[in-house]
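As structure tokens, the structure follows; a few thoughts come after it.
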2 protein chains.
Amino acid sequence: MILAIAGKRLADHGIRGLNIKDIAQDAGINHGTLLHHFGSAEGMRTALLTNLTAALIADMSAILNSDAPADTIFMELFRLMSQSGHNKLLAWRALEDAEYSPLTEGPSEKLIQQILDGVTRRIQGRDITLAQNIIFLALSSAVGWGICGPALKQSLGMSRTQQDQFPAWVGEQLPKLIQDQPTAHENRNKS
Amino acid sequence: MILAIAGKRLADHGIRGLNIKDIAQDAGINHGTLLHHFGSAEGMRTALLTNLTAALIADMSAILNSDAPADTIFMELFRLMSQSGHNKLLAWRALEDAEYSPLTEGPSEKLIQQILDGVTRRIQGRDITLAQNIIFLALSSAVGWGICGPALKQSLGMSRTQQDQFPAWVGEQLPKLIQDQPTAHENRNKS
DNA sequence: AATGTTATTAACATTTGTGTCAATAGATCT
DNA sequence: AGATCTATTGACACAAATGTTAATAACATT
């Protein structure tokens, strides 16, 4: 499939690899054919963006819907985000200000709600704010891990094994945030 | 300054905004002058990358060296990463696989060591592994926040105020990870 | 098989980004 | 002022990316 080849080019060569000539050559077809299908070079990129985002959501969904223990789930989640295709996608979106639709509409919207429900159930009796904060922390950390995990690891002088264990460590830590958590209101008046 | 204009173009128009013609026009000079200074278009981008990275490190350094309370520091750290210039820089680096030098050499190396020392001091008697994990969590989360914070916030249905309070919340949570923390060894044998 | 439709191609055309060069302007030094 | 150097410019040249077109190939429908 054409978009798969384009996705590989994004992962391997960055944005500059996303031109119709090179992609067509990799696919062994004429570049005019690409234009005929997608209408324009920009249209091809938009299609790729949508496609890759859907793939990311699907992968996340598969992980988060499994009934594995928390640390395993987080390990998988972080591993997922470190895949070149996925972190390059997020970087690309960030650069192009593509904060619109795909991440907040359609299947992903349902997925997020699902996660939210699951976490809220676990922290029964507490504020939904807490669930949101915890999820936000986990996901943002996973994204940051994908974007500059290797560089950070090097800066901090972390060993290979330690970096590998970090995702599971996060999975173990998050439950601590649930225990002894003040309500959002107390929280606000604390300092 | 030329690089300041180039940086603004990166923040406003993404990577495609980083071409000598547009930058020269924004700066009101001939594009040949730009080439004369930086040698090539690629040289200009390299200079910009180095320059922006140094600026990011400097900003982070200023925050982390202040003697403000933890939650304030985290608030500032997250706010910093959400600035368009800084998160676009990281996205750019991620896309171009620019994981080399600047983040791990020179002033930033000293900065990281400084942070590591500070955290290690606070968790005296414990493994340095813990300090590294905590810093890794905070920084990766801050990066993820900068890259796709707004999109995540929207997906999770977080209110404006809650999103604003998230950085401070993180600052409050991290100390909990220090309490009752098993050593790295126990940790490894746990599951 | 005849027809209409869509996919594919090669060749050309346009636009955009990059680089070169010779001439000029400005600065510095004696 | 004269000599020398650097900075800047406009004009041109080149390369790369995108888009267009007319012809052909492949396919489906009747």
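Letters A, B, ... mirror the listed sequences (proteins, then strands); counts begin at 1.
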His13(A) atom NE2 is separated from dA17(D) atom P, nearest whole Å, by 12 Å
note: Leu35(B), atom CG; dG17(C), atom C1'; distance rounded to Å ~ 10 Å
Rounded to whole Å, the CG-C1' distance (Leu34(B) to dG19(C)) equals 13 Å
Sorted by chain and residue number, the salt bridge (charged side-chain N to carboxylate O under 4.0 Å, His left out) partners of Arg9(A) (sequence neighbours excluded) come out as Asp22(A), Asp26(A)
Neighbour count >12 (heavy atoms, 6.0 Å) for atom CD, Gln83(A)
yes
N/O to N/O distances under 3.5 Å, protein versus nucleotides 23-28 of chain C:
none

dT30(D) -> Watson-Crick or G-U wobble partner, both distances under 3.5 Å, gives dA1(C)
Table please: side-chain donor-acceptor pairs of residues 134-144 of chain A below 3.5 Å, with sequence neighbours left out.
| residue | atom | partner | partner atom | Å |
| --- | --- | --- | --- | --- |
| Ser140(A) | OG | Phe136(A) | O | 2.8 |
| Ser140(A) | OG | Leu137(A) | O | 3.2 |
| Ser140(A) | OG | Ser141(B) | OG | 3.0 |
| Ser141(A) | OG | Ser140(B) | OG | 3.0 |

Q | Lys153(A) (side chain) donor-acceptor with Met158(A) (main chain) under 3.5 angstrom | A | no
Those residues at least two apart in sequence (or on a different chain) that pass side chain to side chain donor-acceptor pair (under 3.5 Å) with His31(A) are none
What residues 14-22 of chain B contributes to the DNA chain C interface at heavy-atom separation below 4.0 Å is Asn19(B), Ile20(B), Lys21(B)
To the nearest 0.5 Å, atom CD1 of Ile29(B) lies from atom CD1 of Ile2(B) at 3.5 Å
Rounding to 0.5 Å, atoms CD (Gln25(B)) and CD1 (Ile23(B)) come to a distance of 11.5 Å
Q: Look at the side chain of Gln132(A) and the backbone N and O of Leu156(B), then say whether any donor-acceptor pair between them is shorter than 3.5 Å.
A: yes
Can any side-chain N or O of Ser61(B) pair as donor or acceptor with the backbone N or O of Ile57(B) at less than 3.5 Å? no
Separation of dA17(D) atom P from Asp26(A) atom CG, nearest Å, is 13 Å
Can you check nucleotides 8-12 of chain C for protein contacts, nitrogen or oxygen pairs under 3.5 Å, and list what you find?
| residue | atom | partner | partner atom | Å |
| --- | --- | --- | --- | --- |
| dT8(C) | OP2 | His37(A) | NE2 | 2.8 |
| dT9(C) | OP2 | Asn30(A) | N | 3.0 |
| dT9(C) | OP2 | Thr33(A) | OG1 | 3.0 |
| dA10(C) | OP2 | Asn30(A) | ND2 | 3.3 |
| dA10(C) | N7 | Asn30(A) | ND2 | 3.3 |

